[in-house]
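Encoded as C-alpha cells, the structure appears first; notes follow it.
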2 protein chains.
Amino acid sequence: MTTVLDRLLLVTTLLGDDMTGALEREGLTTARTHLLWQLVMLGPSTQQALAVALDVTPRNVTGLVDGLEQTGFVTREPHPSDRRAILVTPTERAATLMARMQGEHAELSIALVEGLSPREVVAFEAALDVVTANLQRLLAEQP
Amino acid sequence: MTTVLDRLLLVTTLLGDDMTGALEREGLTTARTHLLWQLVMLGPSTQQALAVALDVTPRNVTGLVDGLEQTGFVTREPHPSDRRAILVTPTERAATLMARMQGEHAELSIALVEGLSPREVVAFEAALDVVTANLQRLLAEQP
DNA sequence: TATTGTTATACTCTATAACTATA
DNA sequence: TATAGTTATAGAGTATAACAATA
C-alpha cells in the first residue's frame, strides 16, 4: 500500500533531482546556493554571520566561499571597521541569477498544481500544513 | 505568499532531518541505507547489480560496501559460479534493523496524517499524485 | 574481447582542533 | 581574553580512468 509518506518521499526525490540538475547547469551546488540565497537576503555578510545563518561550522563556510569565489559568484571584501573580518559580497552575476531563480521558482509553483482546481489547491495546502505540524511535533519530541 | 512548492520544500527538509537523525543513531547514513534496502529486497547481490539498482558507479558501491562491512551490516561472500564476482549479503543485524525500520515507517505514515479525516487523506493522496505526475513530466521535458 | 571489482586520483560537503591576527 | 578566519586533519559520498583477474 502506498501511503502519504511514500508519496512525499517520492516527491522529495523528484524535487531534489530537479533542483540539483538546474543548479548544475549554472555551475552551482545546493550547499553553495543556500549560502548565496542567504547572502542575497542578508546583504554582504561576515563568514561568521553566514555560519550562524546556515547552521554550519565557520570552517565549512570558508570552503563554500572559496568555491563561490573561484566560480565568480562572490567576492571577499575587507570589513570597513574590523580588520579580522571579511564581507562576503555577491557579484552582479550572482544577483542576476538569484533573481532569475526566484522567477523560475514561482513558475514551478504554478506548474506543480496544474490540473488541480483552486479549491483543491487550498485543501492541499491545508493538508500539507497539518502534516508539517505533525512532523515538527514528532521531531521536537525526541531529537 | 507561501506556495505549495514552499510547503513541499519545508516538508522535504523536515523529513530529511528526521531520517538522517534516526539513521545516525543506528550507525547508518542515507547512502548506505539505500544500498541495504535494495539488498534486502533483491537478496544477496553482486556489486555490479547494486550499482545498477542504485544508479551509481561500481566504484561508489565498493566504498559503500566497505563501510557497511566494517560496521557489521553486510558480508562479502564468494559468488558460487563466477570467481570474479562477490555476493554482498546482509547480516542478521541488518535484516532485523530493516524490518524494524519498516515498522517505524508504517507508524510514521499514520502519525503524519493525524488530524486529517479519512476523506481528507484520500484527497491529499490524490493531490500528491497529481503533483508527482506534473513533476515527472517537467523532468522528462528537459533533463 | 568483455565483465567484475579494485587501486589511483580528484572534488564536494561536513566536522573538530589548533593557530594567527585582530579586538 | 574573546572573536574571525584559516590551516591541518579526517570521514563520507560521488565521479572518471587505469588495471588485474576471470569469463
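For clarity, every value in this text was computed on a predicted model and none was experimentally measured. In what follows, chains are A, B, ... by sequence order, proteins preceding strands, each numbered from 1.
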[X] has an atom [atom1]; how far is it from atom [atom2] of [N], in whole Å?
X	N	atom1	atom2	value
B/R59	C/dT4	CZ	C1'	14 Å
A/L68	C/dT12	CG	P	11 Å
A/I86	C/dA21	CD1	P	14 Å
A/E24	D/dT14	CD	P	13 Å

>> Same cluster or not: A/L68 versus A/L87, using hydrophobic residues (I, L, V, M, F, W, Y) connected whenever any side-chain heavy atoms lie under 4.5 Å apart?
In response: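 No, because A/L68 and A/L87 fall into different hydrophobic clusters, even though each may have its own neighbours under 4.5 Å.
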
> Linking I/L/V/M/F/W/Y whenever any side-chain heavy atoms sit under 4.5 Å apart, do A/L35 and A/M19 land together?
Replying inline: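 As far as the 4.5 Å side-chain criterion goes, A/M19 and A/L35 are not connected within one cluster.
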
> Between residues 28-56 of chain A and DNA chain D, which residues have a heavy-atom gap below 4.0 Å?
Replying inline: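 When residues 28-56 of chain A is checked for heavy atoms under 4.0 Å from DNA chain D, the hits, listed by number, are A/T46, A/Q47, A/Q48.
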
> Does anything in residues 60-67 of chain B reach DNA chain D, meaning a heavy atom under 4.0 Å, and if so which residues?
Replying inline: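 Those residues whose heavy atoms fall under 4.0 Å from DNA chain D, taken from residues 60-67 of chain B in numerical order, are B/N60, B/L64.
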
>> For B/E104, I'd like to know if atom CD has over 12 heavy atoms of other residues, nucleotides or ligands within 6.0 Å.
In response: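 Atom CD in B/E104 is crowded, with more than 12 foreign heavy atoms closer than 6.0 Å.
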
> Is atom CD of B/Q136 surrounded by more than 12 heavy atoms (other residues, nucleotides or ligands) closer than 6.0 Å?
Replying inline: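 More than 12 within 6.0 Å, yes.
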
Can any side-chain N or O of [X] pair as donor or acceptor with the backbone N or O of [Y] at less than 3.5 Å?
X	Y	answer
B/T12	A/T12	no
A/S45	A/G43	yes
B/R76	B/I86	no
B/D55	B/V52	no
A/R7	A/T2	yes

> So do A/T75 and A/E69 actually touch side chain to side chain, heavy atoms under 4.5 Å?
Replying inline: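 No, their side chains stay 4.5 Å or more apart.
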
> So does B/R32 pair up with B/E26, basic N to acidic O under 4.0 Å?
Replying inline: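 Looking at B/R32 and B/E26, the cut-off is not met.
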
>> Suppose we screen for salt bridge (charged side-chain N to carboxylate O under 4.0 Å, His left out). Which residues come up paired with A/R93, at least two apart in sequence or across chains?
In response: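 By the salt bridge (charged side-chain N to carboxylate O under 4.0 Å, His left out) rule, A/R93 matches no residue at all.
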
>> Going by salt bridge (charged side-chain N to carboxylate O under 4.0 Å, His left out), name the residues that satisfy it together with A/D17, two or more places apart in sequence or in a different chain.
In response: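 Applying salt bridge (charged side-chain N to carboxylate O under 4.0 Å, His left out) to A/D17 gives none.
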
Restricting to nitrogen or oxygen on both sides, can you table the protein-nucleotides 18-23 of chain D pairs closer than 3.5 Å?
unit_1	atom_1	unit_2	atom_2	d
D/dA23	OP1	B/R83	N	2.9

> If only side-chain N and O atoms of A/R76 are considered, is one of them under 4.0 Å from the OP1 or OP2 phosphate oxygen of D/dT6?
Replying inline: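 Yes, within the criterion.
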
> So what is the end-to-end bend of the helix from C/dT1-D/dA23 to C/dA23-D/dT1, with 5 pairs used at each end and the value given to 10 degrees?
Replying inline: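 Comparing the axis at each end, I get an angle of 30°.
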
>> Nearest heavy atom decides the nucleotide; on that basis, is B/Q70 or B/T57 closer to the 5' end of DNA chain D?
In response: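 First, find each residue's nearest nucleotide; the 5'-ward one identifies B/Q70.
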
